[in-house]
Amino acid sequence: MRRSRLLMTLAAGLAVVTMATVPAVQANGAATGHGRAAGRGTFTAATSIMDRSTWQFYSGASGGTPRWSSDIDQRVSVLHDDHRVYQNVGTPDRVKDLSVISQGGVVYDKALKRYLYTSWTEYTYEFYEAPTPWGPWKHFTPKDFGGYPWTHTKHGGYATTIPSKYISADGKSMWLQSNVCPCGGGYPAGDFWAYTFSLREMSLTPSVPTTPDNPPDASRDLAREPGTVPVERATHFGRAIYNDGDTTQSEDDWNDERKPTSWWGYTWPRTYRLNQVAYTTGTMFGDGGWFSSPPKIQVRRDGTWTDATGQRVTPSYPTSSAAGTHKTYVFDFDTTTGDGVRVIGGSGGTQTFTSLAELTATYR
């Protein structure tokens, strides 16, 4: 058994809400088959699961109440997501234009009263949650491992599942199982390091309604608040640590994808007031490392990212390698509230990526 040291902390939108009681049934609501865009629900009593005549298929809802039919032709999707990732990649003959619904699994997190569906693409994990097996399902976060080659310290995998045995009593900590063979390009031939029962720890931080109460304090970096989760398009080297005060390090979001947009930011399990973000660049390379369009600040409220108003940046940001290595740009904006903040803009250079050393967020 291989245990990965990569810790995934996910809090991008998982919300704890009050829900109706779910019947004690066996569920098979996950889509299987790489590339499908929909999942269907099939239910029967645990004691008669081998008796096809007892099966009932989800056939839609009426007034919020699910409908069931023994006629398989009446079944409808419980989860439908058509968006695709990695539509254009740089390396010839690499897999691209991928559906986000794929081989994975559904598990019930009893403590959080949520069903969790774990899916994958060639390069990412995709996470969904719902109050019942028939939905409504919500995509609450991806985890992007970037393009090949992968390493022993940063790699994705396929057939993502969360064994119910490994979910903690409070439902917030669990282990995700996924492995990868040395046959698709991620690992060199003969390297079976990750082709095992491969576990990585994952934690979920429920988002709860809060009233922002943080007073003005220029010395309080909100990026270091309890429960802070870094969010970005990808991490080239797998280091999502850019709130430690070290402005001499460098991470970037090169992932072999020809992508239009990059971002670096944080989400929190509560709401804060804020009006300033300081972004320190990482290394500038000949083929990328900068924003190709003027970066701007967005704040997340109710799960939606919106532009902050009254934005101004000091010094002015050049949309080229002239942005410089380890140079700090301070974004001031009108005081606002949110449970997330990010700097976002066009991905720069021929390899379309940006870099970062440090990102702070404050309410001054």
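Side-chain atoms are counted along with the backbone in the values below, which use heavy atoms only and exclude waters and symmetry mates.
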(request) Report yes if the side chains of Tyr58 and Arg75 come closer than 4.5 Å at any heavy-atom pair, otherwise no. (result)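 No - every pair of side-chain heavy atoms lies 4.5 Å or more apart.
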
(message) Does any part of the side chain of Ser168, heavy atoms only, come nearer than 4.5 Å to the side chain of Met174, both counted from C-beta?
(response) no

Quick check for you: to the nearest 0.5 Å, what is the distance between [X] atom [atom1] and [Y] atom [atom2]?
| X | Y | atom1 | atom2 | value |
| --- | --- | --- | --- | --- |
| Thr141 | Glu126 | OG1 | CD | 8.5 Å |
| Gln276 | Phe331 | CD | CZ | 11.0 Å |
| Gln351 | Ser347 | CD | OG | 11.5 Å |
| Phe140 | Leu116 | CZ | CG | 5.5 Å |
| Asn243 | Leu222 | CG | CG | 11.0 Å |
| Arg220 | Arg364 | CZ | CZ | 14.5 Å |

(request) Give the C-alpha distance, both sets of side-chain angles, the deciding distance and a yes or no for salt bridge (charged side-chain N to carboxylate O under 4.0 Å, His left out) between Asp144 and Lys259. (result) CA-CA 13 Å; Asp144 193 325; Lys259 55 187 178 292; over 6 Å; no

Looking at [Y] and [X], is there a salt bridge between them, counting it only when a charged N and a carboxylate O are closer than 4.0 Å?
| X | Y | result |
| --- | --- | --- |
| Arg233 | Glu257 | yes |
| Asp81 | Lys138 | no |
| Arg300 | Asp339 | yes |

What class does the angle between the rings of [X] and [Y] fall in, given that below 30° is parallel, 30 to 60° is tilted and above 60° is perpendicular?
| X | Y | value |
| --- | --- | --- |
| Tyr279 | Tyr317 | tilted |
| Trp68 | Trp134 | perpendicular |
| Tyr242 | Tyr266 | tilted |

(message) Count I, L, V, M, F, W, Y as connected when their side-chain heavy atoms are under 4.5 Å apart, and connections chain through other members. Are Phe145 and Tyr195 then in the same cluster?
(response) yes

(request) Give the cluster check for Trp305 versus Val299: same hydrophobic cluster or not, with ILVMFWY residues linked at side-chain heavy-atom distances below 4.5 Å. (result) no

(request) Applying side chain to side chain donor-acceptor pair (under 3.5 Å), run through Asn255 and Tyr86 and close with a yes or a no. (result) CA-CA 9 Å; Asn255 59 350; Tyr86 282 80; 3.0 Å; yes

(message) Before you tell me yes or no, could you show the steps for Arg301 and Thr271 under side chain to side chain donor-acceptor pair (under 3.5 Å), namely the whole-Å CA-CA distance, both residues' side-chain angles and the distance that decides it to 0.1 Å?
(response) CA-CA 8 Å; Arg301 286 187 296 272; Thr271 303; over 6 Å; no

(message) Quick check on the 6.0 Å ring-centre criterion: do Trp150 and Tyr148 meet it?
(response) yes

(message) Can you confirm if the aromatic rings of Trp120 and Tyr158 lie within a centre distance of less than 6.0 Å?
(response) yes

(request) Could you go through the ring-ring contact (aromatic ring centres under 6.0 Å, His included) check for His80 and Trp137 one step at a time? (result) CA-CA 9 Å; His80 197 100; Trp137 287 92; over 10 Å; no

(request) Determine, step by step, whether Ser119 and Tyr128 satisfy the side chain to side chain donor-acceptor pair (under 3.5 Å) criterion, reporting the C-alpha distance in whole Å, the side-chain angles of both residues, the deciding distance to 0.1 Å, and the verdict. (result) CA-CA 8 Å; Ser119 183; Tyr128 298 80; 5.9 Å; no

(message) Counting neighbours of CG on Asp302 that are heavy atoms of other residues, nucleotides or ligands and sit closer than 6.0 Å, is the number greater than 12?
(response) no

Minimum heavy-atom separation for [X] to [Y], with atom names?
| X | Y | value |
| --- | --- | --- |
| Thr281 | His326 | OG1-N, 2.9 Å |
| Gly282 | Ser250 | CA-OG, 3.5 Å |
| Ala361 | Leu274 | CB-CD1, 4.5 Å |

(request) Check the pair Lys296 / Asp307 against salt bridge (charged side-chain N to carboxylate O under 4.0 Å, His left out), numbers first and verdict last. (result) CA-CA 7 Å; Lys296 59 185 178 181; Asp307 294 349; 3.1 Å; yes

(request) Evaluate side chain to side chain donor-acceptor pair (under 3.5 Å) for Trp290 paired with Thr319, printing each intermediate quantity in order. (result) CA-CA 7 Å; Trp290 59 89; Thr319 54; over 6 Å; no

(request) Please confirm whether the backbone N or O of Thr283 pairs with a side-chain atom of Ser355, one donor and one acceptor, at under 3.5 Å? (result)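 A pair under 3.5 Å: yes.
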
(message) Is it the case that the side chain of Thr132 and the backbone of Gly135 share a donor-acceptor pair, with hydrogens and angles ignored and the cut-off at 3.5 Å?
(response)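 Indeed, once roles are kept as given, a pair shorter than 3.5 Å links the two residues.
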
(request) Give every residue pair that meets the salt bridge (charged side-chain N to carboxylate O under 4.0 Å, His left out) criterion with at least one member in residues 91-102, sequence neighbours excluded. (result) Arg84-Asp97

(request) In sequence, state the C-alpha distance, the side-chain angles, and the governing distance for Asp246 and Asp244, and then conclude on side chain to side chain contact (heavy atoms under 4.5 Å, CB included). (result) CA-CA 6 Å; Asp246 184 358; Asp244 59 359; 3.5 Å; yes

